[in-house]
Each structure stands twice: as C-alpha cells, then as structure tokens.
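Atoms within each ligand, like the ligands themselves, are counted from 1 in listed order.
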Amino acid sequence: MSKQGKINKITTSVVQRMKTDGEKISMLTAYDYSTAAVMDEAGVDMILVGDSLGMAVLGYDSTLPVTMEDMLHHTKPVSRAAKRAMVIGDMPFMSYQISVEEAVRNAGRFMKEAGAHGVKLEGGREVAEAVMKITSSGIPLMGHLGLTPQSVHQLGGYKVQGKDDKTAKKMMEDAKILEEAGAFSIVLECVPAPLAEKISKSLTIPTIGIGAGVGCDGQVLVVNDMLGMFEKFTPKFVKKYAKLNIDMRAAIEEYIGEVKDRKFPNEEHSF
Ligand code: KIV
C-alpha cells in the first residue's frame with residue numbers, strides 16, 4: 001500500500017484519472033537507485049530519468065552530450081527502485097530526430113533494456129510521426145513543449161517560451177498535435193502561467209509543468225535543484241525544499257576533521 005493509500009501502481013490510466021478528478025500529479029527526476037527508492041516510498045507519482053542527467057550528474061553544461069547508453073545506464077537502477085511510481089526515460093538528443101525507425105528502436109530500448117514504463121521526447125509537429133509510431137508500438141509517450149533544452153542553441157538560451165501571440169498559438173497547436181499523435185501527457189517548461197493553464201484546459205491529457213504555473217495538471221522539478229545540492233545558480237521556478245549542499249559539506253568536513261584527529265573510527269566502529 002502506498003503512502004497515498006489507495007493506488008498501488010501508477011499507470012497512464014491512473015494519471016489520466018488524476019486529471020479528470022482534479023488531483024495534481026507529482027513528478028521528480030532521479031538518476032540512481034537510492035534516491036529513486038526514497039522518492040517511491042515517499043509516494044511521488046512519476047519519476048523522470050531526465051537528460052538533465054548531463055548537468056545534474058555528469059558535469060556537462062547542457063543536455064546535448066548525453067547518450068542513449070548514459071540514459072539506459074541511469075534508468076535501470078531507477079526502474080529497479082520504483083515499486084509504485086511510473087518511470088519515464090528521457091530520449092536524449094539525436095536518439096529520435098534522425099529517423100522514425102531510430103526513434104522507435106531507441107524508445108523500445110528504454111522499455112526492454114532499462115525497465116522504463118514510458119519515454120519522453122521534445123518537440124511538437126516535427127516529431128509527430130515519431131510520436132505516432134512509438135505510441136502505436138504500445139509505448140507510453142510524454143511530450144515536452146516550451147523551453148526544450150535540446151534546442152537551446154536554436155532558442156538562443158534558456159528563456160521563457162510562448163510570450164507573444166504567434167509562439168503561444170504555435171505551442172497550443174503543437175500540444176493538440178501531440179495529443180492526437182497519442183501522447184499520454186505533456187511537459188510544459190518555462191511557459192507563462194496563463195498560457196500553460198489555457199493549454200492544460202484545452203487538452204484531455206494531463207500537462208506537467210516546470211516553470212509553468214499552478215494551472216498545469218502536475219509539477220516536475222529536477223531533484224538536485226529542489227534538494228538544494230547546487231549552491232550557485234537557482235532558476236526562478238525552483239523551490240529549494242532542503243539545503244543538502246550545506247549539510248553534505250558540513251558532514252564531510254566533520255569526517256575529515258575526525259580522521260585527522262584520530263576520532264574516527266572509535267571502538268564502536270571497529271572490530
Ligand atoms: O531532463 C529533465 O530533467 C527534464 C525536466 C526538466 C522536465 O526534461
């Protein structure tokens with residue numbers, strides 16, 4: 001039995017029902033077994049193994065260098081940890097853009113090799129054929145509109161999207177196209193709150209917002225951001241629920257001091 005009580009396993013029909021019932025959907029990113037296990041026990045609905053892996057874990061300055069092998073390697077332990085949460089594998093840059101065949105093959109690898117319950121990819125009209133083919137192969141697919149980090153160089157930086165009428169209209173059209181192509185939900189990233197709410201209300205499938213206001217059907221944050229693991233840059237849309245960076249540093253400094261002073265290990269920690 002989950003912390004929430006009723007539901008044991010989150011599936012596409014459960015998140016669809018949540019939207020219909022007006023229950024908000026919670027999603028977080030995770031990249032390893034122990035973090036995903038804590039999240040799953042806490043009752044998070046969906047776990048995204050995001051290609052934010054590139055920045056959060058691998059030390060890159062964008063998501064572009066992340067490979068299929070990186071993503072599968074980190075999705076496997078998350079899938080092993082998740083007993084209740086639905087696990088979504090994020091398709092990395094160039095794993096679905098080259099051809100529909102490659103997109104389907106790579107989406108299938110997340111399910112067959114990494115135990116994911118669905119995949120996510122970025123874009124609207126331009127990926128509609130791939131979305132159709134992936135979903136008609138029986139693979140649940142989450143879309144991603146607004147700020148799509150794999151296109152950061154085309155977008156000219158990490159900026160709010162859909163601020164003028166033309167781009168807002170295009171985003172609305174793209175959302176409809178993804179829904180019609182079979183997506184079971186859509187991430188809206190860095191989108192003005194009124195536009196995100198309008199899109200959410202016009203779709204039957206749930207939207208998951210990040211920097212897109214409270215009108216979305218659910219929310220997602222990058223776990224390293226919300227746990228306060230980075231000291232430096234914090235995007236406006238991130239709320240830090242902990243200051244792990246400070247706690248980790250203090251613990252490590254204490255450990256170093258005790259090793260130097262011969263206080264650790266003491267008899268309690270020795271055989
Ligand atoms: O890669 C990621 O973590 C994401 C979320 C920010 C939605 O795509």
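For the pair D45 (side chain) and M27 (backbone), a donor-acceptor distance under 3.5 Å is absent. For the pair K159 (side chain) and G156 (backbone), a donor-acceptor distance under 3.5 Å is present.
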Give every pair made of an N or O atom of ligand 1 and a protein N or O atom lying under 3.5 Å apart, one pair per line with both atom names and the distance to 0.1 Å, or write 'none'.
| from | atom 1 | to | atom 2 | distance (Å) |
| --- | --- | --- | --- | --- |
| ligand 1 | 1 (O) | D51 | N | 3.1 |
| ligand 1 | 1 (O) | D51 | OD1 | 3.0 |
| ligand 1 | 1 (O) | S52 | N | 3.0 |
| ligand 1 | 1 (O) | S52 | OG | 3.3 |
| ligand 1 | 1 (O) | D90 | OD2 | 3.2 |
| ligand 1 | 3 (O) | S52 | OG | 2.5 |
| ligand 1 | 8 (O) | K120 | NZ | 3.0 |

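Between E197 and K201 there is a salt bridge, since at least one side-chain N of the basic residue sits less than 4.0 Å from a carboxylate O of the acidic one. A salt bridge does not link K169 to D165: none of the charged nitrogens lies less than 4.0 Å from a carboxylate oxygen.
Cluster annotation: M229 is connected to M226 through the hydrophobic network of ILVMFWY side chains, with a link wherever side-chain heavy atoms come within less than 4.5 Å.
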#### Entry: Stepwise salt bridge (Lys or Arg N to Asp or Glu O under 4.0 Å) test for K243 and D247
CA-CA 7 Å; K243 292 186 179 136; D247 291 349; over 6 Å; no

